[in-house]
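First the structure, in the form of C-alpha cells, and then the observations on it.
Just so you know, these numbers use all the heavy atoms, side chains as well, and skip hydrogens, waters and symmetry mates.
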Amino acid sequence: MSSSDEAKDPESGRPVEKQSFLTKYTKEVDNKNAYLPLLVCCFLSGLTDGTIYNAYGTFVSMQTGNTIFVALGTTGFNNKPFGWARSLCSIGFFIIGSFCFARFAMLLGGKRRGVLSLSFFGQSILVMLAAAIIQGGVIDGSYPSHRPVGTVDFKELVIIALLSFQAAGQIVSSRSLQVGEIPTVVVTSMLCDLMMDPALLAFAKNDKRNRRFFAFVLTLVGAICGGWISKASGAVQPSLWTVAGLKLILAMGWLFWKEK
C-alpha cells in the first residue's frame with residue numbers, strides 16, 4: 001500500500017500504525033461514558049433479584065437483605081424453610097466472586113477492553129449455565145413453585161451460587177472504572193449519596209446525581225420486570241436468558257469501546 005493510502009492522524013497528519021490484536025484489546029477504555037453499561041447492569045440486578053427472590057426466597061445481588069435473612073434464621077423466625085441457608089450461600093459466593101473478579105482485574109488491568117469483555121463474558125456464561133440447568137428440569141424453575149409447601153430442594157443452591165458469584169463482577173467493574181456512584185448491586189448507600197448531594201435540586205449539570213437517580217429507577221424497573229415476566233411465563237428461566245443475552249452484548253460492546 002502506498003504512503004498516500006496509509007491512515008493518518010487528523011491532528012498531526014502523521015501515519016497511524018495499525019494496532020495488533022493484542023495491543024488493541026489491552027488498551028484501556030475511555031471511562032467518560034462507561035457509566036452507560038453500568039446502568040444496564042442496574043436493570044439486570046433488579047431483573048435477576050426480582051426473579052430469583054420470587055422463586056427461591058433469596059437475593060443474589062443485594063446482600064443487605066440476605067444478611068438480615070441469615071440473622072433471622074438464627075432465631076428461627078425466617079418464615080421460609082432453610083431460607084437462611086440460601087441467603088448464606090448467596091453471601092458466601094458473592095464474597096468469593098468479589099475476590100476472584102477483583103484479583104482478575106488487578107492482575108490484568110480492570111480498565112482494559114479485553115479484561116472488561118472477559119469479565120462480562122464470564123458473567124454471561126454463568127447466568128446461561130444457571131438458566132440451562134433450570135431449563136433442563138434438573139431444578140424446579142416453575143413460578144409459583146410446584147414443590148409441596150415446607151419441602152426444600154438443596155439443588156437450588158447451585159443456581160444461587162452461580163448467580164451470586166457472577167453478580168460480584170458488576171460491582172468490581174464499577175470500582176475498576178471509577179464509577180463508584182453506580183455500584184449496580186447496592187441501593188441503600190446510593191440513595192443516601194443522592195440525598196446528600198449539595199446540588200441535588202440544582203438545575204446545573206450534575207452527572208453523579210443524574211446517574212444515581214437513573215441507577216435507582218432502572219433497578220426498580222428491572223425488579224418489576226422480573227416479577228411480571230415470572231408471572232406471565234410461569235417460569236424463572238426466561239428472565240435469566242434475558243440477563244445472559246444482555247451481558248453477552250455488553251461483553252462484545254467493551255471490545256469496541258472507545259480507547260482512553
Where is the tightest heavy-atom contact between [X] and [Y], given as atom of each residue plus distance?
X	Y	value
A199	R209	O-NH1, 3.2 Å
S90	I160	CB-CG2, 3.7 Å
S45	M62	CB-CE, 4.4 Å

* ring pair (Phe, Tyr, Trp, His ring centres under 6.0 Å) partners of F203, counting only residues at least two apart -> none
* Check ring pair (Phe, Tyr, Trp, His ring centres under 6.0 Å) between Y56 and all other residues, then give those that pass, not counting sequence neighbours. => none
4.5 Å side-chain heavy-atom contact, [X] and [Y]:
X	Y	value
F94	I171	yes
Q170	V185	yes
R86	L157	yes

* Between S87 and T58, a side-chain donor and acceptor under 3.5 Å -> yes
* Structure fact -> Rounded to the nearest 0.5 angstrom, the CG-CD1 distance for L248 and I125 is 7.0 Å
* To do: Please answer: with hydrophobic residues joined when any side-chain heavy atoms are less than 4.5 Å apart, are L47 and F214 in the same cluster?
  => yes
Expected list for residues 30-41: side-chain donor-acceptor pairs under 3.5 angstrom, two or more places apart:
residue: D30; atom: OD1; partner: K32; partner atom: N; Å: 3.1
residue: N31; atom: ND2; partner: L177; partner atom: O; Å: 3.1

